[in-house]
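Just below is one structure, and these are the notes that go with it.
Both backbone and side-chain heavy atoms feed into the values below; hydrogens, waters and symmetry mates do not. Naming: A, B, ... by sequence-line order, numbering from 1 per chain.
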Amino acid sequence: QTFIPEIRTSSADLTMFLKKPPNISFAFFLTHLSLCHGLQSPKRHSPYSTVDTERYSSLVKSAMSRVSSQTPLTILEEDDHIYGPVLKSPPPTTLTRGEVRTPKVLHPFLHPQEITEEEAETGGPPARIHLNRGQGRSAIPSVTRILQQTMSTEQMFYLERWKRRMVQELGEEGFKEYSQNLFKQGKTFHSVLEETLTSGVKWTDRDPFEMSQYPPEVCGYMKSVSHVLDDVREVHAIESTVQHNTLNYLGIVDCVARYRGVLCVIDWKTSEKPKPFLSNTYDNPIQVAAYAGALNTDANYKYQVENGLIVVAYKDGSPAHAHQLNFELMLDYWKTWLLRLEDYFEKRYKKCYKNVFINML
DNA sequence: GGATCCTTCTTCTTCTTC
């Protein structure tokens with residue numbers, strides 16, 4: 001119907017159309033129908049003598065004339081008609097949204113030049129502020145929860161579809177086990193990484209017997225990130241709670257350290273599939289920007305982070321992909337995060353969200 | 001001790017041919 005707008009077929013028509021003998025191509029079918037229409041010398045005793053040729057005559061004529069008259073120019077015109085004018089690459093902030101919105105809050109990231117060395121603490125063990133929910137914090141939403149509850153319908157659709165397929169393949173129980181195993185692997189990897197960063201003992205320098213105590217996947221993940229760890233210095237915080245001082249959200253950062261000389265919020269990820277591009281990491285960059293934005297306003301931390309880093313580790317030990325988010329990218333993702341935050345409060349507090357949001361600023 | 005919370009993951013078309 002897109003290519004041949006003057007034809008309107010119902011699904012019943014299409015079903016009938018597809019009941020042609022399987023060894024005969026669609027093009028041949030059309031040609032043959034055209035013969036039946038007397039465009040060329042008619043053929044008797046055809047297997048299609050029962051086909052309602054009158055009914056399909058316009059389709060045949062249209063299809064035949066289009067195919068033969070197609071030139072590069074008409075194809076370009078068709079493309080224009082079907083796909084619309086060519087769009088120049090849109091700015092990253094609008095990628096996940098149909099409409100362009102501007103968040104109301106100023107960004108919490110200082111420009112690299114404005115950060116002086118004195119602001120970053122050096123030495124001492126890394127901070128590890130545990131989450132303590134018992135002190136009136138229960139109303140404060142977390143980064144993960146906000147991201148989960150403000151996913152686009154498209155994102156939810158693909159996740160649901162994936163889940164449905166997996167359940168079909170593995171069964172309800174099998175899928176549950178598979179998911180739990182993925183979580184377990186991720187958790188173990190995080191804890192081993194934590195030990196490594198705290199102790200300062202390189203994974204490769206560890207006692208082979210000790211290494212063999214871990215599941216093979218975890219060894220693979222550690223091998224995978226070893227080249228990234230070589231570029232990590234000055235670990236400032238590990239698994240530490242950060243809370244934004246006005247925007248009323250909290251989260252736990254995996255790691256704050258200097259990566260290639262720049263102070264970063266680092267998020268370690270394990271993945272079954274390769275994620276060579278930042279776009280493969282879905283909402284991870286937003287998560288990192290949210291943590292960094294919170295940390296930079298949190299009085300518990302006396303320094304400012306500049307960049308973010310997402311490290312995707314693989315269990316087969318192949319080199320991890322390290323996606324560094326520079327100042328500009330952090331700013332873009334921070335804006336996206338603010339929109340998600342607005343969405344969350346809007347959903348949660350319905351009409352009075354605006355007052356809630358304004359009160360927080 | 002039990003309940004709750006934050007995380008840990010999962011997505012982007014799909015098939016054929018070389």
Side-chain contact, heavy-atom cut-off 4.5 Å: V256(A) with S240(A)?
no

Between Y178(A) and E169(A), is any pair of side-chain heavy atoms under 4.5 Å apart? no

Joining Ile, Leu, Val, Met, Phe, Trp and Tyr whenever any side-chain heavy atoms lie under 4.5 Å apart, the cluster holding M151(A) also takes in M156(A), L159(A)

Contacts of K184(A) and N280(A) projected onto DNA chain B by closest heavy atom; the upstream (5') one is K184(A)

Enumerate all atom pairs, one protein N or O and one N or O from nucleotides 9-11 of chain B, separated by less than 3.5 Å.
| residue | atom | partner | partner atom | Å |
| --- | --- | --- | --- | --- |
| dC9(B) | OP1 | T270(A) | N | 2.6 |
| dC9(B) | OP1 | T270(A) | OG1 | 2.9 |
| dC9(B) | O5' | T270(A) | OG1 | 3.3 |
| dT10(B) | OP1 | E272(A) | N | 3.0 |
| dT10(B) | OP2 | K275(A) | NZ | 3.0 |
| dT11(B) | OP1 | K273(A) | NZ | 3.1 |

Value for CG (D230(A)) from CZ (R260(A)), rounded to nearest 0.5 Å, stands at 10.5 Å

Measure from the side-chain N and O atoms of T196(A) to the backbone N and O of W203(A), and report whether any donor-acceptor pair falls under 3.5 Å.
-> no

ring-ring contact (aromatic ring centres under 6.0 Å, His included) filter on Y291(A), not counting sequence neighbours, yields none

Sequence neighbours left out, cut at 3.5 Å: what donor-acceptor pairs do the side chains of residues 180-191 of chain A make with other protein atoms?
| residue | atom | partner | partner atom | Å |
| --- | --- | --- | --- | --- |
| Q185(A) | OE1 | Y221(A) | OH | 2.8 |
| T188(A) | OG1 | K184(A) | O | 2.7 |
| H190(A) | ND1 | G186(A) | O | 2.8 |
| H190(A) | NE2 | D254(A) | OD2 | 3.0 |
| H190(A) | NE2 | W268(A) | O | 3.2 |
| S191(A) | OG | T188(A) | O | 2.9 |

Self-check item: Y291(A) vs dT7(B): side-chain N/O to OP1/OP2 distance below 4.0 Å
Solution: yes

Check: Using a cut-off of 4.0 Å on non-hydrogen atoms, how would the nucleic acid contact of R165(A) be classed: base, sugar-phosphate, or nothing?
Finding: sugar-phosphate

Under 4.0 Å, counting only non-hydrogen atoms across every strand here, what does D254(A) touch: a base, just sugar-phosphate, or nothing? sugar-phosphate

Per the under-4.0 Å heavy-atom filter, residues of residues 213-227 of chain A near DNA chain B come out as none

Would you mind writing out the side-chain donor-acceptor pairs for residues 314-326 of chain A within the sub-3.5 Å range, not counting sequence neighbours?
| residue | atom | partner | partner atom | Å |
| --- | --- | --- | --- | --- |
| Y314(A) | OH | K275(A) | N | 2.7 |
| Y314(A) | OH | H321(A) | ND1 | 2.6 |
| K315(A) | NZ | E272(A) | OE2 | 3.0 |
| D316(A) | OD1 | S318(A) | N | 2.9 |
| D316(A) | OD1 | S318(A) | OG | 2.7 |
| H323(A) | NE2 | K275(A) | O | 2.9 |
| N326(A) | OD1 | E328(A) | N | 3.2 |
| N326(A) | OD1 | L329(A) | N | 2.8 |

